[in-house]
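These notes are about the structure you will find just below.
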Amino acid sequence: MVPEGQTKNELSLLGGEKAVKSEQGDMFKWPIVTDQHEQAVLKVLRAGQMSGFEITKEFEKKYAGMLGRKFGLAYHNGTAAILGAMYGLGIGVGDEVIAPSLTYWATVAPAYSLGATPVFADVDPETICIDPKDIEHRITPRTKAIIVVHYAGMPADMDAIMKIAAKHNLKILEDCSHAHGALYNGKEIGTFGDVAAFSLMTGKSLAVGEAGILFTDDRKVYERALLFGHYIRHDEITLKELKPYIGLPCGGFKHRMHQLSSAFGLVQLELYPRQMAEIDRAMNYFCDLLDDSAGIRPTRPPKGTNTTKGGWYFPLFKYVTEELEGLSLSRFCEAVRAEGSTCNPGCNKPLHLHPLFTTMDVYGHGRPTRIAYLDESVKIEQYIETLPVAEDINRRVFGVPWFKHYRPEIIEEHANAYKKVVKNYRALLVEDTDKDAEGSGKAGSQIGGYSSFFSNQKNLQ
Ligand SMILES: *Cc1c(COP(=O)(O)O)cnc(C)c1O
């Protein structure tokens with residue numbers, strides 16, 4: 001049955017022609033590897049300097065300089081950088097850290113290794129970053145830090161979060177792994193918190209390979225992180241309280257960055273600002289083309305605020321099913337993909353519902369690890385959150401194409417794919433079996449996953 005006013009074959013899913021027809025070339029290729037990268041890497045390889053730290057220090061210095069932070073410390077991945085940042089802040093046994101439930105697990109899972117307890121907060125449905133309104137009532141005498149994630153490129157509401165932290169004397173750890181180079185009211189993310197950690201793995205906006213880095217202006221945080229995981233650089237430690245322990249990695253292990261990555265990273269730092277500007281132009285153009293389409297809303301900072309999305313890692317749109325008569329997100333995306341574009345329903349699954357945080361006894365304490373270091377009287381039920389936005393968000397957002405170049409004709413084709421599906425949505429209601437029902441973030445969800453990177457990449461060619 002074809003509803004009135006709609007041509008039978010327009011949608012590719014129903015037999016029509018695809019909207020995206022042209023050769024995509026290197027539109028989505030990432031990272032962009034140049035001769036300059038190859039020469040830099042070969043130089044290290046030929047000199048046999050893979051395991052040193054001189055080039056790594058150069059990388060740290062250059063990146064810290066770009067951000068205007070005093071100290072940079074590089075890691076073999078972003079997860080270790082977050083663990084090091086937590087140790088640097090002094091997070092330890094019995095402490096609580098408040099983090100958004102909607103993020104990649106490495107934002108908060110390392111807290112377990114220090115005997116700390118993650119406490120999850122909900123996200124703001126607009127920014128999809130931690131909701132400042134859901135933080136304060138979760139603060140207890142044990143709370144040590146708020147972990148902020150600038151999720152999917154979008155800066156979190158730092159003004160409100162900094163106010164809460166100052167009022168309750170809490171530290172802020174910024175997880176910047178999704179938002180390299182993004183600005184919040186004109187100031188670069190990674191410069192707000194007591195410490196900031198970035199993943200630099202290959203899928204991220206500033207792609208270096210398996211690598212990560214932390215930044216701080218606080219010498220104590222820096223030196224504690226050195227003590228914890230960079231034993232080969234203990235000669236940099238000056239603080240009297242740490243000096244007696246130098247020589248062995250104290251608590252952590254070996255967190256040093258591979259120097260092929262450092263060399264690659266030095267070139268990336270040079271090229272990234274220009275690449276970022278082009279991505280920003282391309283993605284904003286795509287959003288402009290779709291701003292007025294029913295059922296979908298670009299997730300981007302309000303215009304005129306000097307808040308930006310940097311490299312637009314993992315670009316997300318909101319889905320307003322009510323404007324399309326309840327058409328399921330999975331059906332919607334299926335139709336867009338049939339047009340030759342990218343449309344991945346969902347984002348990360350909420351962490352607070354995973355058994356790692358509700359039941360699992362990771363280390364053999366005889367009780368769930370989440371409460372293992374707290375007073376015996378504490379019950380796990382007190383730590384199991386209900387977070388309505390995070391639990392529903394996988395039905396309300398989807399990943400769009402992540403353009404690496406400003407090529408208007410190609411971007412228009414992708415926008416037309418979306419427009420065509422929005423225009424013809426009624427034809428899709430007929431066989432819509434609503435697979436989203438399983439996508440609520442509860443166990444068994446078919447939408448989203450625990451790894452935003454891979455769920456977002458699978459349809460990118
Ligand atoms: C990728 C990522 C990390 C971890 O980085 P790795 O380099 O993969 O270890 C941490 N937090 C967030 C939000 C991430 O997306």
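First listed ligand is number 1; within each ligand, the first listed atom is number 1. If you read the sequence from its start, that first residue is 1, and numbering goes on from there. Note that the structure is predicted; figures quoted are calculated from it, not measured.
With distances taken over non-hydrogen atoms, the option nearest atom 10 (C) of ligand 1 out of Gly209, Ala81, Ala211, Ser177 is Ser177. Among Met201, Lys204, His76, the residue whose heavy atom lies nearest to atom 1 (C) of ligand 1 is Lys204. With distances taken over non-hydrogen atoms, the option nearest atom 4 (C) of ligand 1 out of Thr79, Asn77, Thr202, Val208 is Thr79.
At a cut-off of 3.5 Å, with distance as the only test, a side-chain donor of Glu96 or Thr140 sits close to an acceptor on the other residue. A donor-acceptor contact closer than 3.5 angstrom links the side chains of Tyr151 and Asn348. Under 3.5 Å, the side chains of Asp218 and Thr216 contain no donor-acceptor pair of N or O atoms.
Put simply, no part of Glu210 is less than 4.0 Å from ligand 1, judged by heavy atoms.
Within the structure, side chain to side chain donor-acceptor pair (under 3.5 Å) contacts touching residues 61-80 (residues at least two apart or in different chains) are Arg69-Asp217. The side chain to side chain donor-acceptor pair (under 3.5 Å) pairs that include a residue from residues 161-171 are Glu136-Lys167, Glu136-His168, where partners are two or more places apart or lie in different chains.
Considering backbone and side-chain atoms alike, His178 places an N or O below 3.5 Å from some N or O of ligand 1. Considering backbone and side-chain atoms together, Leu200 places no N or O closer than 3.5 Å to any N or O of ligand 1.
Close approach to Thr103 involves these atoms of ligand 1, each under 4.0 Å from a residue heavy atom: 13 (C). Close approach of ligand 1 to Thr107 (heavy-atom distance below 4.0 Å) involves ligand atoms 11 (N), 13 (C).
Atom NZ of Lys220 is surrounded by 12 or fewer heavy atoms from other residues, nucleotides or ligands within 6.0 Å.
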